[in-house]
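Have a look at the structure below, then the notes.
Everything quoted here is computed from the prediction, not taken from an experiment. Both ligands and their constituent atoms are indexed starting at 1 by order of listing.
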Amino acid sequence: MTLPTPRDAVSALPRYVPGARGTAGGVPPTKLSSNENPFEPLPSVREAISGASGAINRYPDMSSRDLVEALATLYGVPEERVAVGAGSVAVLGHILEAYCGEGDEVVYAWRSFEAYPILSRLTGATPVEVPLALGGRHDLNAMARAMTDRTRAVLLCSPNNPTGPAIGTREFEAFMEGVSPRTLVVLDEAYVEFVRDPHAVDGRKAIARHPNLVIARTFSKAYGLAGLRIGYALGEPEVVSAIRACTTPFSLSGLAQVAALASLEAEPELLARVDLVVAERARTVAALKRQGWDIPDPQGNFYWIAAGEEASALAAHLGAASPPILARPFAGDGVRITVGSAEENDRVIAALDSYPSRF
Ligand SMILES: *Cc1c(COP(=O)(O)O)cnc(C)c1O
């Protein structure tokens with residue numbers, strides 16, 4: 001039987017591997033595999049969602065007017081500088097779709113967010129992966145050297161998922177100086193709310209200085225709305241308009257829009273929770289360092305163990321705890337573990353203590 005064939009770029013796509021969800025039926029696992037927020041949704045956010053549920057027979061506001069307005073107010077920018085989408089992965093995809101195609105190159109660090117190779121290849125463009133420097137940091141000098149006149153976009157992930165460190169302001173500014181104004185620089189700040197490194201780049205300030213810079217942020221991590229899919233980008237009106245042109249109509253649901261609005265209203269409460277996660281991060285990583293683990297500077301809600309060839313074995317060791325601890329292994333490279341509740345982190349500390357080697 002002859003079937004229509006997908007584009008070559010699609011057939012060759014690597015598949016996104018989601019964090020493990022655990023076994024059905026058994027004891028609920030400690031799920032630290034997807035960098036989710038450990039806190040339950042706020043009552044005010046749940047109320048907003050149930051209040052809006054009576055209107056799900058209607059299409060949502062396609063332009064997400066109220067949410068765009070609220071974000072514009074929060075950031076002190078005009079609304080035409082704010083694009084929203086069904087998760088920042090979708091927004092990143094639209095940015096690349098809008099700017100890249102066959103014959104173009106997309107430069108990003110590796111290892112970094114596993115959606116980058118997929119989203120880049122999907123456009124037909126060629127990914128150019130630049131190895132991370134020591135300590136899981138972006139090697140911005142090497143990335144600058146990797147750029148050619150075919151480079152249409154650069155993806156920077158700060159803090160870097162899965163290794164943890166943020167990009168420094170000074171190295172970022174030096175990098176931007178060398179980038180052609182025709183190349184779009186995309187700063188993915190999915191974990192920016194968890195950053196405590198005073199030298200880390202803040203995309204919010206940087207966009208005012210660089211017209212070819214666009215930043216992507218999300219409600220999934222700090223705001224605990226991963227299940228509802230809301231992300232956004234801030235940049236020049238031309239970039240925002242291109243993102244909007246690529247967005248699937250009505251993809252940001254009405255429930256997502258009201259949940260995001262309610263979360264912005266509850267921002268102090270949510271950011272207090274972020275502080276708790278940051279404190280747990282410090283406590284957990286300090287305990288692990290005392291056990292002899294070498295952990296790169298964690299600026300997100302997760303930390304990285306560069307276990308190399310033992311990555312899968314280390315994840316299996318955590319999975320053998322009772323109840324199982326689900327981490328996110330990258331075979332041959334390392335294991336990423338999300339900062340959970342204090343009890344969950346204590347379980348990780350105990351489980352890692354009994355692993356026979358250190359990295
Ligand atoms: C989680 C994550 C995102 C955002 O995901 P959405 O849920 O689609 O908003 C984006 N970039 C990185 C690096 C992430 O880890």
Mutual orientation of the aromatic rings belonging to [X] and [Y] [parallel < 30°, tilted 30-60°, perpendicular > 60°]:
X: F359; Y: W293; answer: tilted
X: Y191; Y: F194; answer: tilted
X: Y223; Y: F219; answer: tilted
X: H317; Y: Y355; answer: perpendicular

Open item on the list: According to a hydrophobic-cluster definition based on side-chain heavy atoms being under 4.5 Å apart (Ile, Leu, Val, Met, Phe, Trp, Tyr only), do L13 and W110 belong together?
Closed with: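 Yes: a chain of side-chain contacts under 4.5 Å links L13 to W110.
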Open item on the list: Just to be sure I understand the cut-off, which residues have at least one non-hydrogen atom under 4.0 angstrom from an atom of ligand 1?
Closed with: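 Its neighbours under 4.0 Å (heavy atoms only) are G87, S88, V89, F113, C157, N161, D188, A190, Y191, T218, S220, K221, R229, given by chain and number.
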TODO: Sort and list the pairs that fulfil ring-ring contact (aromatic ring centres under 6.0 Å, His included) and have at least one residue in residues 233-266, not counting sequence neighbours.
DONE: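 Checked against ring-ring contact (aromatic ring centres under 6.0 Å, His included) - neighbours excluded - the pairs reaching residues 233-266 are Y59-F250.
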